[in-house]
Q: 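Take a look at this one; I'll ask things after.
Below, all heavy atoms of this structure are taken into account, side chains as well, without hydrogens, waters or symmetry copies. Just follow the structure's listing: the first ligand is 1, and inside any ligand the first atom is 1.
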Amino acid sequence: MTITPAEARALDRDDPLTDARRHFDLPEGLIYLDGNSLGPPPAQAKAAIRACVETEWATDLIASWNSADWMGLPLRTGARIARLIGVPETSVIAADSVSVNIFKLAAGLLNAGLKGVAVERGDFPTDGYVLEGLSRLSGTPFAYVEPGAGAAGLPDGVQILVKSAVHFRSAAIADIAAEERAAKARGAAIVWDLSHAAGLVDLRLAARGARYAVGCGYKFLNGGPGAPAFVYCDPDLADGFSQPLSGWMGHARPFDFADGYEPAPGVARFGAGTPAIVSMTALHGALEAYEGVDMAQAEAKARALGDLFLRAVDDLGFGLACPGPGEARAGHVSLTHEDGYAIVQAMIARGVVGDFRSPDILRFGFSPLYLSYADVLRAARILREIMDGQSWREPRFAARKAVT
Ligand SMILES: Cc1ncc(COP(=O)(O)O)c(C=O)c1O
């Protein structure tokens, strides 16, 4: 059962987030369902990069570290992210990549005396790869726990779990409060990977007892390709936290050039080397598109868009690798088909951009900021035409590209 185009337009008229769309200028006719791999640029991101390059860098040059407060940019960017994930403004810093930030937090927890690192099997691979490396470096055990087992599945002697708040394949949303309770009961800690959750799910991390998190800036936060990631650390724990990538940008007074590391207060100590200012400026600007956006409304709209899509294509013979319509699910849906890659390519050729995740998943992200119900209905109609007409069988759609 799906809705008519007129009903979709009525939903768009009543959408409390329609105002956010004016920040985006997507190519005419394109329906962009790939915000969970690379969000499009909001106008504010483009304007911010222009000002950064043409005025701050080109004219003000080195003075910009002070006059444009480049030094403060990682924490100012973190403050904007903090509101979206529900933590105190001063408890987030933008820095490095998710992979590097996982290392900082997990290794810091080893420094604090916890033992063993683990990840759920099937979670995003880099999380496990980094922990394997940390295990080799430190000698602490590395373990996989079963998918969905969470903190309760940690083997004896393993106390650090890295877990996605939203799974990159299934879009399942973790029960953060319950996981934190389970972790605390066994003296363990969870590092939340918010890559597919930040900017989409009403996370309310602090209220749910989360203590450590990382997330990426280039997906739903629309910070641009390779945008900096971020770190959250509970402010009550940050001052005692010792992360081992103790570079000068995490030092209390970097411009003293003193021998000996002294960490900056709070989350600022998660800085390491010189921040990528142009890239971070883009992320900082992009986050303005979230001004006034209520995260509960954003989450509800993303789910409603996904539900609409799933209902509109439910008779096309796809398998389902995500929670179904009406069930708790974050911002994307995952369908399965053995020719999923070719089908995604055929959709891209028709102006509907999704992505393919090996071995057989067609993944479509539903950003609540720039997608309308009418867009999603049209995307579903195009998928139906591709399946009915079997146009995906054209040989050009089978050729695999490096990035899927
Ligand atoms: C859940 C998750 N974690 C981590 C990453 C990769 O993070 P980075 O490349 O910033 O290290 C991704 C990338 O798609 C992801 O989806």
Q: Out of K219, H167, R357, indicate the one that has the non-hydrogen atom closest to atom 13 (C) of ligand 1.
A: K219
Q: Using a strict cut-off of 4.0 Å, indicate which atoms of ligand 1 neighbour a heavy atom of H196.
A: 1 (C), 16 (O)
Q: Looking only at non-hydrogen atoms, which of N36, V98, L194 approaches atom 7 (O) of ligand 1 most closely?
A: V98
Q: Could you list the atoms of ligand 1 found under 4.0 angstrom from a heavy atom of D127?
A: 3 (N), 4 (C)
Q: Find all atoms of ligand 1 within a distance of less than 4.0 Å from any non-hydrogen atom belonging to S97, and give their numbers and elements.
A: 10 (O), 11 (O)
Q: Would you say the side chains of T336 and D360 form a donor-acceptor pair under 3.5 Å?
A: no
Q: Near D294 CG, under 6.0 Å, is it more than 12 heavy atoms from other residues, nucleotides or ligands?
A: yes
Q: Regarding R208 and D175, does a basic nitrogen lie under 4.0 Å from an acidic carboxylate oxygen?
A: no
Q: Nearest non-hydrogen contact with atom 3 (N) of ligand 1 belongs to which option: V166, D193, V162?
A: D193
Q: Counting only heavy atoms not in D156 (residues, nucleotides, ligands), do more than 12 fall under 6.0 Å from its CG?
A: no
Q: Tell me, yes or no, whether the heavy-atom count around E89 atom CD, taken from other residues, nucleotides or ligands under 6.0 Å, exceeds 12.
A: no
Q: Does a donor on one side chain and an acceptor on the other come within less than 3.5 Å for W192 and E180?
A: yes
Q: Where on S99 is there a heavy atom closer than 4.0 Å to ligand 1, on the side chain, on the backbone, on both, or on neither?
A: both
Q: Which atoms of ligand 1 have any heavy atom of T126 under 4.0 Å away?
A: 4 (C), 6 (C)
Q: Can you confirm, on distance only, whether ligand 1 has an N/O atom lying under 3.5 Å from any N/O atom belonging to C216?
A: no
Q: May I ask you to establish whether R400 and Y341 are in a cation-pi arrangement, using a distance under 6.0 Å from NZ or CZ to the six-membered ring centre and at most 45° from the ring axis?
A: yes
Q: Measuring from atom 9 (O) of ligand 1, which candidate in F168, F124, F103, Y218 has the nearest non-hydrogen atom?
A: Y218
